[in-house]
Protein chains: 2
Amino acid sequence: MGAKRTPREAWIEEGLRALASGGVDAVRVEALAKALGVTKGGFYGYFADRNALLEAMLDTWERESIDEVLERVGHLDGDPREKIRLAGQLTLSADRLLPLDLAIRDWARRDEVAAARLRRVDNERMALLREMIGTFCDDPDEIEARSLLAFSLAIGSHFLAAEHPGHTHAEVRAMAGDIVLNRPLAR
Amino acid sequence: MGAKRTPREAWIEEGLRALASGGVDAVRVEALAKALGVTKGGFYGYFADRNALLEAMLDTWERESIDEVLERVGHLDGDPREKIRLAGQLTLSADRLLPLDLAIRDWARRDEVAAARLRRVDNERMALLREMIGTFCDDPDEIEARSLLAFSLAIGSHFLAAEHPGHTHAEVRAMAGDIVLNRPLAR
DNA sequence: CACCCTCTATACGGCACCGTATGGGCGGGC
DNA sequence: GCCCGCCCATACGGTGCCGTATAGAGGGTG
């Protein structure tokens, strides 16, 4: 077997890069080839068509998003809130995964295949949030609501353009996270 | 002046429809023409190019999003929380404006022109949220954090795919909204 | 070293779209 | 009823992309 000059993984990598920076419509075979410094000649040896690449990209993203993060977080024995923050940072602060995540969310709004993958990943993350929040909160409904709030904050704040006079966006985000994850409600 | 068969507004309307359902990349002159039942012949009489249409679409959206909603909400004298809910429903539950809003948010991630418009609109909405929340909350930092939480929940929950065993998404959203807008924190 | 197998370059037909040019058609003003 | 101006259909060149076909280059393998 000859050495693979531009292995299958390179196409997926480059595809994910294009997806992250330009959305799913920016994932174009010829554009990826140019970015890789080759032509599309070898592409169709790995993938039946552009759609096959998109599915392979979803496969890779799902594996990276779920397995690696859960694996790294699961083996820790720290403060649950710290684990949540770590998980959030791994999935959403990583320069690589965050833009990818946001792009896939928009993609999923119009594509049922992408939506199904996102559903699996989000369910995993939501389960993690429930578990963590459940360690310091008893009411199941409140756990669910707080989990949704934490998740919405993590994702939604990247889709907002509003400014905060006197604060940075990160500061306000931190305060909001503090309310959701640390502050009990008055009864 | 001859009767306008396909007035400028019709192109903008159709453009916004395409944007809402397919993202900014789906706004294509020839596709809009087909949707309108004409050819693109008359388009370039109204707009210099596709970019001019996109800017006009942003103009229309900004006016509709800010003016109409604020006008309708501003003249009410009800419970502040009710006003927030009404404003949210007008902007985000409307079948017309919600998909448009989400599509523009994704667009703004990659286009500075769209981002500037979104910033203006979001700042208006954020100001509304601050004002409303300020009527039952004193700490300025908490007002800011709660406003961000409410906004993130309104937007972010539409980008999440997670499921809630035993509850509908709307139910959990309502519970989360209740926490942000109604429940004081323990001190 | 020669063979083979894999990846790559090149070329092709097809399609969708952009922006421009041009002529016809249809309604309103007189 | 005639003219005029706006709107639209049609056609064109150019570009970017898809998917296919074919042949060449280059490294592993015997």
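FYI, side chains are in, hydrogens and waters are out, and symmetry mates aren't considered; it's all heavy atoms of this structure. Chain letters run A, B, ... following the sequence lines, proteins first and then strands; every chain starts at 1.
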Notebook entry, point to check: Do you know the tightest heavy-atom contact between A:Leu181 and A:Arg146?
Noted result: N-NH1, 4.2 Å

Check: How far apart are the C-alpha atoms of B:Phe47 and B:Trp11, what are their side-chain angles, what is the distance that settles it, and do they pass the ring-ring contact (aromatic ring centres under 6.0 Å, His included) test?
Finding: CA-CA 10 Å; B:Phe47 306 95; B:Trp11 290 100; 7.4 Å; no

Item checked: Nearest-Å distance for atom pair CG/P, residues A:Leu32 and D:dG19 -> 12 Å

Check: Looking at A:Val27 and A:Leu32, what are the two nearest heavy atoms and their distance?
Finding: CG1-CD1, 4.2 Å

Next item on the list: Could you state the atom-to-atom distance from CG of B:Asp25 to P of C:dA16 in whole Å?
Entry: 17 Å

Notebook entry, point to check: What's the OH-P distance between B:Tyr46 and C:dC18, to the nearest Å?
Noted result: 18 Å

Check: Quick one: B:Leu54 CG to C:dC17 C1', roughly how many Å, whole number?
Finding: 14 Å

Item checked: Length of the line joining A:Leu53:CG and D:dC17:P, which is rounded to integer Å -> 15 Å

Next item on the list: Write down the distance between NZ (A:Lys34) and P (D:dG16), rounded to a whole number of angstrom.
Entry: 7 Å

Notebook entry, point to check: With a 4.0 Å cut-off on heavy atoms, is A:Gly45 in touch with a base, just the backbone sugar-phosphate, or nothing at all?
Noted result: nothing

Checklist line | Verdict with supporting geometry, A:Leu53 and A:Phe43, side chain to side chain contact (heavy atoms under 4.5 Å, CB included) | finding: CA-CA 9 Å; A:Leu53 169 66; A:Phe43 175 85; 3.8 Å; yes

Distances under 3.5 Å between protein N/O atoms and the N/O atoms of nucleotides 19-21 of chain C, please, pair by pair.
unit_1 : atom_1 : unit_2  : atom_2 : d
C:dG19 : OP2    : B:Tyr44 : OH     : 3.2
C:dG19 : OP2    : B:Arg50 : N      : 3.0
C:dG19 : N7     : B:Lys40 : NZ     : 3.0
C:dG19 : O6     : B:Lys40 : NZ     : 2.5

Next item on the list: Count the heavy atoms belonging to other residues, nucleotides or ligands that lie under 6.0 Å from CG of B:Asp138, then report whether that count exceeds 12.
Entry: no

Margin query: Looking only at the side chain of A:Arg28 (C-beta and beyond, no hydrogens), which of the listed nucleotides C:dC17, D:dC17, C:dA9 gets closest?
Written below: D:dC17

Next item on the list: Output, in order, the C-alpha distance, side-chain angles, deciding distance and verdict of salt bridge (Lys or Arg N to Asp or Glu O under 4.0 Å) for A:Arg105 and A:Asp122.
Entry: CA-CA 10 Å; A:Arg105 285 180 196 284; A:Asp122 275 6; 2.9 Å; yes

Check: D:dC8 C1' sits how many Å from B:Phe47 CZ, rounded?
Finding: 16 Å

